Amino acid sequence: MADAITEQRNVSPQMQALASRPIPPDFDVVPQTIEEWVALQEAYNNSVAQAVPGQEQRLHVTVEQSEMAGVTVYIVTPDRVAHENRDRLLIHIHGGCYVLGGGLAATSEAVMMAGIGHYKVISVDYRMPPVAYFPAALDDVVAVWREALKAYRADRMAVFGSSAGGALTLEMVLQLKRLGLPLPAAIAPGTPMSDLTGVGDSFATNAFVDNVLVSRAGACDPAAQLYAHGHDLKDPLLSPIYGDMHGFPPAILTTGTRDLLLSDTVRAHRKLKDAGVEAELNVFEAMSHGNYSADDTAPETHQAFGDIAKFFDTHLAK
């Protein structure tokens with residue numbers, strides 16, 4: 001599959017390298033006990049966290065751990081906050097199939113957004129299994145949003161995240177609507193896990209083409225089910241594609257042609273459009289799941305986060 005892109009001038013060497021990676025031989029090794037899940041968490045989180053200091057240095061960003069409404073957060077600040085963004089704030093929700101990506105690993109995507117977009121970002125280190133189960137992650141995100149509203153106007157804030165973070169972005173808006181709370185001015189749900197029931201064409205067409213998630217036989221679906229803790233997977237607060245998206249803020253969604261969740265992203269985009277919401281869809285060539293945030297040196301990474309930053313600038317109040 002990698003040979004198909006070697007002659008494409010619009011795919012960077014960094015993205016070609018990501019596309020050329022082999023499918024992990026242990027992709028379908030799924031933890032069977034809580035102890036095994038915790039071991040996977042620790043290994044994954046440590047691996048991702050090790051890359052963060054280099055990202056901070058390259059993108060001229062600082063990361064500081066803090067707490068909001070009893071929830072652990074990371075304050076991610078670029079060396080230069082754009083003048084127009086001085087009274088604005090972005091809330092970031094990390095991915096990881098609702099189980100992975102906690103601690104410092106939660107900040108990787110936030111660092112890219114802060115450094116490329118020149119926004120101050122709050123990254124939410126929400127609770128995950130085995131510490132807490134559905135709806136703990138959503139509760140934590142909403143709690144941080146409530147706290148942020150004490151210092152910032154809703155029309156000067158936006159929310160973004162990828163994968164489970166993309167789904168939580170959509171779920172958060174659904175929950176804010178139910179609670180009658182102010183909505184963010186814009187959202188960026190990247191490659192969202194918008195349907196945990198397995199509906200979607202790309203689960204078949206991109207199986208074993210996506211070299212990140214690979215297929216539904218991997219650990220991501222079981223991780224999401226672990227978080228759901230027996231709850232109906234069709235609940236819109238787990239599968240937001242089944243929620244009412246009327247009244248949502250403007251949205252920009254990002255995915256790739258090889259993404260296992262391409263259909264999840266396309267269907268969410270269409271659901272938003274059908275609800276009368278302004279929604280943009282960015283589909284990058286040759287990208288597997290979340291590749292736009294896998295290498296901060298790739299031109300495509302700067303394009304993806306640059307597009308999101310411009311979208312937010314258009315919709316956030318000055």
Side-chain angles (χ1 to χ4, degrees), residues 59-61 76-93 109-124 141 144-145 148-149 151-163 165-174 176-177 181-192 194 240 245-256 265-285 287 290 292-293 296 298-318:
L59 295 171
H60 307 287
V61 169
V76 185
T77 310
D79 290 352
R80 182 182 68 82
V81 176
H83 177 78
E84 61 272 20
N85 295 335
R86 290 180 182 175
D87 295 319
R88 294 166 163 177
L89 179 69
L90 306 185
I91 304 294
H92 169 249
I93 311 173
E109 185 179 35
V111 166
M112 295 183 196
M113 187 72 247
I116 295 169
H118 302 290
Y119 284 90
K120 179 179 178 181
V121 181
I122 299 294
S123 186
V124 184
V141 170
V144 170
W145 176 254
L149 285 170
Y152 292 86
R153 289 171 21 189
D155 64 356
R156 288 179 174 166
M157 290 192 286
V159 180
F160 73 103
S162 294
S163 195
L168 280 163
T169 298
L170 297 169
E171 293 156 15
M172 173 185 169
V173 176
L174 290 172
L176 294 179
K177 285 176 58 182
L181 292 171
L183 304 182
I187 58 173
T191 181
S194 59
M245 295 187 182
H246 289 88
F248 264 50
I252 180 169
L253 301 90
T254 308
T255 184
T265 312
V266 168
R267 291 174 64 216
H269 174 254
R270 176 47 53 189
K271 183 80 179 261
L272 288 162
K273 296 276 285 186
D274 288 348
V277 178
E278 179 184 344
E280 292 187 10
L281 176 63
N282 265 1
V283 184
F284 282 87
E285 176 72 358
M287 282 193 190
Y292 57 86
S293 61
D296 61 273
E300 291 90 341
T301 298
H302 287 256
Q303 291 166 0
F305 286 101
D307 287 348
I308 295 169
K310 290 175 185 176
F311 188 86
F312 284 166
D313 182 57
T314 298
H315 294 286
L316 270 63
K318 306 298 185 188

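What you are looking at is a predicted structure, and each value in this text was computed from that prediction instead of being measured.
- Of all the heavy atoms in M245 and V277, the pair that sits closest is O-CG2, 3.4 Å.
- Listed by first and then second residue, the salt bridge (Lys or Arg N to Asp or Glu O under 4.0 Å) pairs that reach into residues 78-93 are R88-D313, sequence neighbours excluded.
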Can you give me every donor-acceptor pair (side chain of residues 302-312, partner residue at least two apart or in another chain, under 3.5 Å) with its distance?
from	atom 1	to	atom 2	distance (Å)
H302	NE2	D296	O	2.8
D307	OD2	N282	ND2	2.8

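- For D274, the salt bridge (charged side-chain N to carboxylate O under 4.0 Å, His left out) criterion is met by R270, not counting sequence neighbours.
- Considering NE2 of H315 and CD of E278, their distance stands at 3.5 Å, rounded to 0.5 Å.
- One distance of note links CE of M112 with CG of L59; it measures 7.0 Å at 0.5 Å rounding.
- Proximity of a side-chain donor or acceptor of T301 to a complementary backbone N or O of Y292 within less than 3.5 Å is detected.
- Side chains of I91 and V124 form a contact here, defined as non-hydrogen atoms less than 4.5 Å apart.
- With sequence neighbours left out, R153 forms a salt bridge (charged side-chain N to carboxylate O under 4.0 Å, His left out) with D155.
- Side-chain atoms of T255 and M287, non-hydrogen and from C-beta on, never get closer than 4.5 Å to each other.
- Inter-residue side-chain proximity for P192 and T265 is flagged as met; some heavy-atom pair is nearer than 4.5 Å.
- One finds the CZ atom of F248 at 8.0 Å from the CG atom of L183 (value rounded to the nearest 0.5 Å).
- Considering all non-hydrogen atoms of both residues, A148 and L89 come closest at CB-CD2, 4.2 Å.
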* Asked: Can I187 and V173 be said to form a side-chain contact (heavy atoms from CB on, under 4.5 Å), step by step?
  -> CA-CA 9 Å; I187 58 173; V173 176; 4.0 Å; yes
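- No donor-acceptor pair under 3.5 Å is formed between the side chain of K120 and the backbone N or O of N85.
- When all heavy atoms of T191 and G290 are compared, the pair lying nearest together is CG2-N, 4.2 Å.
- Taking the side chain as every heavy atom from C-beta outward, I116 and P78 never approach each other to under 4.5 Å.
- Side chain of W145 to backbone of P182: a donor-acceptor contact under 3.5 angstrom is found.
- Taking CG of L272 as the reference point, atom CG of L281 lies at 10.5 Å (rounded to 0.5 Å).
- Distance check, rounded to the nearest 0.5 Å: CD1 of I93 to OG1 of T169 gives 4.0 Å.
- Shown here are the ring pair (Phe, Tyr, Trp, His ring centres under 6.0 Å) partners of F160, two or more places apart in sequence or in another chain: H92.
- For the side-chain hydrogen bond (donor to acceptor under 3.5 Å, both in side chains) criterion with E109, the lone passing option out of S163, S162, S123 is S162.
- Side chains of E280 and H269: a donor-acceptor N/O pair is absent below 3.5 angstrom, by distance only.
- Residues passing the salt bridge (charged side-chain N to carboxylate O under 4.0 Å, His left out) test with R156, sequence neighbours excluded: none.
- Expressed to the nearest 0.5 Å, how far OH of Y119 lies from CE of M157 amounts to 13.5 Å.
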